[in-house]
Visitor: 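My questions all concern the structure below.
Numbering of residues begins at 1 and proceeds along the displayed sequence.
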Amino acid sequence: MSTRPLQKTALFVCGCLALRLSAFEPCMIRVVDRDSQWPVPLVELRTTHNLRFVSDNAGIIACDAPELMGRETWFTVIGHGYSVPRDGFGIAGVRLMLQPGTTQCVSVTRTMLARRIGRLTGGGLFAESLQCGGTAPIAENGAFGSDSVFVARYNEKLFWLWGDTTLPHYPLGLFHTPGATTPDYPLSRAQPPLALPLNYFRDPKTHAPCNLAHFAGDGPTWLSGLVTLPDKTGKQRLCAVYTKIKPPLDAYEIGLCCWDDARALFTPIRTLWRAADKREKPNVPEGHAIRWRAADGTPRILFGNPLPRLSCPETFESWSDPACWKTHTPQTTLRVKGDSARTIKLHSGSMVWHALRQRWLIVFMEAFGAPSTFGEIWYAEADDPFAEWTDAVKILTHESYTFYNPIVHQWLVPENNDYILFEGTYTHQFQNGAVQTPRWDYNQVLYRLDFADLARYNQK
């Protein structure tokens, strides 16, 4: 019997498989900053038939749509502070000729002061790179979305806490404060591709990220004001304020809690207020904690969001005793640099002392800004936390998207840099008509502000 028909059949099947594989091999698109040539994460390319592709932490897009291969394709570019030239119709985009297995490059121009470094949390940080045959410098951690963050140094590590956190297995995730640790100064450099080695606290049975503050009562448990303080024996205590929440977003109990090393959980130590008490909520040590020395040299902790609302001596005993707390009334608006007639309303943010500049700095979100209602981020400086803050400069904007609760990082990279790093929650919430960005929505995104860029802006 002749084997030729079998050989022809085998060749035909192999050829079909090869064609099928070739048709779906992605075309890699690299998105880079035109000036620095750094990869640019979170740049969206959208086709005329509404396919959406978003660059990952390495600035890579894996375009695998078969109908786009072999033909010139228009992509509208949505860059949140990065852009390409607009055409005669005012549309910002690029045309690319896509072929399987090839590489295209899209150069974008930064139009804001801050540089986007990448996403800190969520799944698929390097998913596009992996689809193009690359590698990921960090493993998947099982958390798909993470709300606002608080960070403190504790036991020679950085201790991270988040609000509500999305998991893969069900639409409802963690609502009682998940957390993780990293080493001190965990980033070797402050540029893309970003890979933060978060070591999550995990459920011993499922190995999934777990809650760290599941206190009694209905509704989520949110922590704030995370701070490390010495007690009278010299032992370091990790402390926070907890709030119990009921729908829609109403607090019904507020108290103090501390980390239990043996149980790897937070435990409540004092209730400060209950809605059932029918009295006004008190000012408590929430927000972000910053160390400060008073004029007489006394070390104190300032709690603010972004400017100080409360302070106490730098001891566990003072923090846990409301009689030791001092209330402050921060300013609510700042004048805009170069436009003394214009003021903006402060919303959430954080404050730090910068040793190189020898000044206090704040990064904050504007309340009811434009073009994004809660996505416009500003920067300001002052000689003293309680001085009048002026000359606010916008450093970051978003296109119909929210970016709230920014925090300036002190310990991601070694100190005395000529830049600062800050992160915030990138989400479609509170923005009418916003289209959720796959993988990125409801996650923490890191930015960098170089003082050299700020100086050039101030010289204009």
Side-chain angles (χ1 to χ4, degrees), residues 148-154 158-161 222-231 236-243 254-259 270 272 281-334 345-365 378-390 392 405-412 415 420-424:
S148 312
V149 71
F150 293 92
V151 186
R153 295 175 81 178
Y154 179 66
L158 298 188
F159 202 104
W160 302 69
L161 296 179
W222 293 346
L223 299 193
S224 180
L226 187 68
V227 63
T228 303
L229 295 167
D231 66 16
Q236 294 294 309
R237 307 286 296 274
L238 184 63
C239 313
V241 168
Y242 75 84
T243 304
I254 299 174
L256 304 178
C257 62
C258 286
W259 179 252
R270 180 170 187 165
L272 299 172
K281 284 190 292 186
N283 192 19
V284 299
E286 59 187 354
H288 298 287
I290 295 295
R291 284 169 167 79
W292 172 73
R293 284 191 178 273
D296 62 1
T298 305
R300 296 181 70 85
I301 301 293
L302 308 179
F303 295 90
N305 188 20
L307 298 177
R309 293 182 176 276
L310 184 147
S311 65
C312 70
E314 193 179 328
T315 67
F316 170 76
E317 288 75 21
S318 297
W319 170 84
S320 56
D321 181 2
C324 298
W325 300 349
K326 181 179 180 180
T327 294
H328 305 278
T329 303
Q331 67 189 83
T332 57
T333 61
L334 265 74
K345 186 176 180 180
L346 287 88
H347 199 277
S348 57
S350 74
M351 176 182 72
V352 297
W353 167 258
H354 197 278
L356 185 64
R357 293 184 77 79
Q358 288 292 294
R359 302 201 80 192
W360 292 90
L361 320 176
I362 56 172
V363 171
F364 64 96
M365 182 191 80
W378 294 73
Y379 170 92
E381 300 182 357
D383 294 323
D384 185 272
F386 301 102
E388 181 182 4
W389 294 73
T390 61
N405 293 344
I407 172 177
V408 183
H409 282 292
Q410 307 173 68
W411 308 299
L412 283 187
E415 299 174 309
I420 58 171
L421 297 174
F422 65 94
E423 71 169 280

Visitor: Given side chains that start at C-beta, do those of Pro306 and Leu346 come closer than 4.5 Å, heavy atoms only?
Guide: yes

Visitor: Could you walk me through whether Trp353 and Gln358 pass the side-chain contact (heavy atoms from CB on, under 4.5 Å) test, one step at a time?
Guide: CA-CA 7 Å; Trp353 167 258; Gln358 288 292 294; 3.6 Å; yes

Visitor: Measure the shortest side-chain to side-chain distance between Val241 and Leu256 over non-hydrogen atoms and say whether it is less than 4.5 angstrom.
Guide: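 Yes, at least one pair of side-chain atoms sits under 4.5 Å.
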
Visitor: Please report, to 0.1 Å, the donor-acceptor pairs under 3.5 Å made by any side chain of residues 286-293, with sequence neighbours excluded.
Guide:
unit_1: Arg291; atom_1: NE; unit_2: Glu314; atom_2: OE2; d: 2.9
unit_1: Arg291; atom_1: NH2; unit_2: Thr228; atom_2: O; d: 2.3
unit_1: Arg293; atom_1: NH1; unit_2: Gly297; atom_2: O; d: 2.6

Visitor: Taking C-beta and beyond as the side chain, do Thr333 and Gln331 meet within less than 4.5 Å on heavy atoms?
Guide: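 The answer is no, as the side chains (C-beta and beyond) never meet within the 4.5 Å cut-off.
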
Visitor: Contact between Cys312 and Phe303 at the side-chain level, heavy atoms closer than 4.5 Å - yes or no?
Guide: yes

Visitor: Any donor-acceptor pair under 3.5 Å linking the side chain of Asn305 with the backbone of Gly349?
Guide: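 Side chain of Asn305 to backbone of Gly349: a pair is present.
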
Visitor: Between Pro230 and Glu317, what is the shortest heavy-atom contact and its length?
Guide: O-OE1, 4.1 Å

Visitor: I'd like to know if the side chain of Arg237 and the backbone of Cys258 have a donor-acceptor N/O pair within less than 3.5 Å.
Guide: no

Visitor: What pair of heavy atoms forms the shortest contact from Trp411 to Ala152, and how long is it?
Guide: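 Trp411 and Ala152 have their closest heavy atoms at CZ3-CA, 3.9 Å.
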
Visitor: Check whether any side-chain heavy atom of Pro406 lies under 4.5 Å from a side-chain heavy atom of Ser350, and answer yes or no.
Guide: no

Visitor: I need the full list of salt bridge (charged side-chain N to carboxylate O under 4.0 Å, His left out) pairs touching residues 294-311, with sequence neighbours left out, sorted by first then second residue.
Guide: none

Visitor: Answer yes or no: is there a donor N or O on one side and an acceptor on the other, between the side chain of Trp325 and the main chain of Trp319, under 3.5 Å?
Guide: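 Confirmed, Trp325 side chain pairs with Trp319 backbone.
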
Visitor: Are any of the side-chain heavy atoms of Phe159 and Leu161 separated by less than 4.5 Å?
Guide: yes

Visitor: State, yes or no, whether a side-chain contact exists between Leu226 and Tyr154 at a heavy-atom distance under 4.5 Å.
Guide: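 No, every pair of side-chain atoms sits at 4.5 Å or beyond.
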
Visitor: How close do Tyr379 and Leu361 get, heavy atom to heavy atom, and via which atoms?
Guide: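 The pair with the smallest heavy-atom distance is OH-CD2, 3.2 Å.
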
Visitor: So Glu423 and Ile407, do their side chains get closer than 4.5 Å, heavy atoms only?
Guide: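 They are in contact (side-chain heavy atoms under 4.5 Å apart), so the answer is yes.
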
